[in-house]
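Below: the structure, in structure tokens.
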Protein chains: 2
Amino acid sequence: MSSPFQAIADPTRRQILDALRAEGPQRAGDLAARFPAISRPGVSKHLRVLRQARLLRQERRGRELWYQLDATPLSQVEAWLEQYAAFWEEKLRDLKKAVEE
Amino acid sequence: MSSPFQAIADPTRRQILDALRAEGPQRAGDLAARFPAISRPGVSKHLRVLRQARLLRQERRGRELWYQLDATPLSQVEAWLEQYAAFWEEKLRDLKKAVEE
DNA sequence: CCAATATGTAACTTATTGGTTACAAATATA
DNA sequence: TATATTTGTAACCAATAAGTTACATATTGG
């Protein structure tokens, strides 16, 4: 039952989400093959974390398991982040101004 | 040198950022006092993580250390997240539609 | 000058995380 | 049916994280 904040903290997990976003549903094995530096069960554990954060939908097709992105929980992160937008924009405005002077 | 993704993964650290955003600059001790369940040095360690993620500016005033939010690094998170907005909106549209039917 | 205050850090402990290898279970295929 | 394929999980290990207490340092105020 991990939070979406937790789930996206790890760069490998972000890459998994990126792959599903950019290329659509994929099998567990396809996803694992993207990370030659990590064993297949290692990737499987990342998938579990993402599953527990409800970021993945899974569909069994015979012996294959297809994973699909469900980005809905990321809207929680967005909602939190949104409150900060004014603050970094202010900062970037200052920076821009400083450059112009 | 922790990433903003790492830094915001912990709920206590998010609360620290929230406090600085909502109420402006505060002393290290003020921030620590918000978390009766955690010792002052415990909070101090969270402040270090936030500092290393460059989310805090500090200003020494005598023996007091004032912390101020610098939200700029959060724009990295926003940039990543932005690519997913279409996906969760799609999901919410589906949900709305289902409710209406 | 000395005691109190504000803060960070070191050293340590425990829990969590990210990785591994070995194995089990289900399904497809020769 | 026997074998190969696809996948998750259990058990384990090392590194990291989050917490603690004890301590060091700097500054203020009596």
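Naming convention: chains lettered A, B, ... in sequence-line order (proteins, then strands); numbering from 1 in each chain.
The side chain of A:Y67 places no N or O atom within less than 4.0 Å of a non-bridging phosphate oxygen (OP1 or OP2) of D:dT6.
The separation between A:Q6 atom CD and C:dT16 atom C1' is 9 Å, rounded to whole Å. One can place CH2 of A:W66 at 12 Å from C1' of D:dT6, the figure rounded to the nearest angstrom. Atoms CZ (A:R61) and C1' (D:dT5) sit 17 Å apart, rounded to a whole Å. To the nearest angstrom, P of C:dA6 lies 6 Å from CZ of B:R63. As rounded to whole Å, 13 Å separates atom P of C:dT27 from atom CD of A:E64.
Checked by atom type and distance alone, the side chain of A:R60 pairs as donor or acceptor with a backbone atom of A:G62 at under 3.5 Å. A donor-acceptor pair under 3.5 Å is formed between the side chain of A:Q26 and the backbone N or O of A:G24. A distance-only check finds a donor-acceptor pair linking the side chain of B:R14 to the backbone of B:A9 [under 3.5 Å]. Without hydrogens or angle criteria, B:R40 side chain to B:G42 main chain gives no donor-acceptor distance under 3.5 Å.
Listed candidates were D:dG8, C:dT7, C:dG18. Nearest to the side chain of A:L65 is D:dG8.
Scanning all heavy atoms of the two residues, the minimum distance from B:A19 to B:L31 falls at CB-CD2, 4.3 Å.
The CG atom of B:L50 lies 10.5 Å from the CD1 atom of B:I8; values are rounded to the nearest 0.5 Å.
Within the nucleic acid shown, A:R13 comes within 4.0 Å of sugar-phosphate atoms alone, with no base atom in reach, counting heavy atoms only.
In this structure, a donor-acceptor pair under 3.5 Å is present between the side chains of B:D18 and A:W80.
Partners of A:Y67 by ring pair (Phe, Tyr, Trp, His ring centres under 6.0 Å), not counting sequence neighbours: none found.
Of the residues in residues 23-53 of chain A, A:R27, A:A28, A:G29, A:R40, A:P41, A:S44, A:R48, A:R51 come within less than 4.0 Å of DNA chain D through at least one heavy atom, sorted by number.
Taking a cutoff of 4.0 Å between a charged side-chain nitrogen and a carboxylate oxygen, B:E59 and B:R27 do not qualify as a salt bridge.
Across its full length, the helix from C:dC1-D:dG30 to C:dA30-D:dT1 shows an angle of 10° between the axes of its 5 terminal pairs at either end, rounded to 10 degrees.
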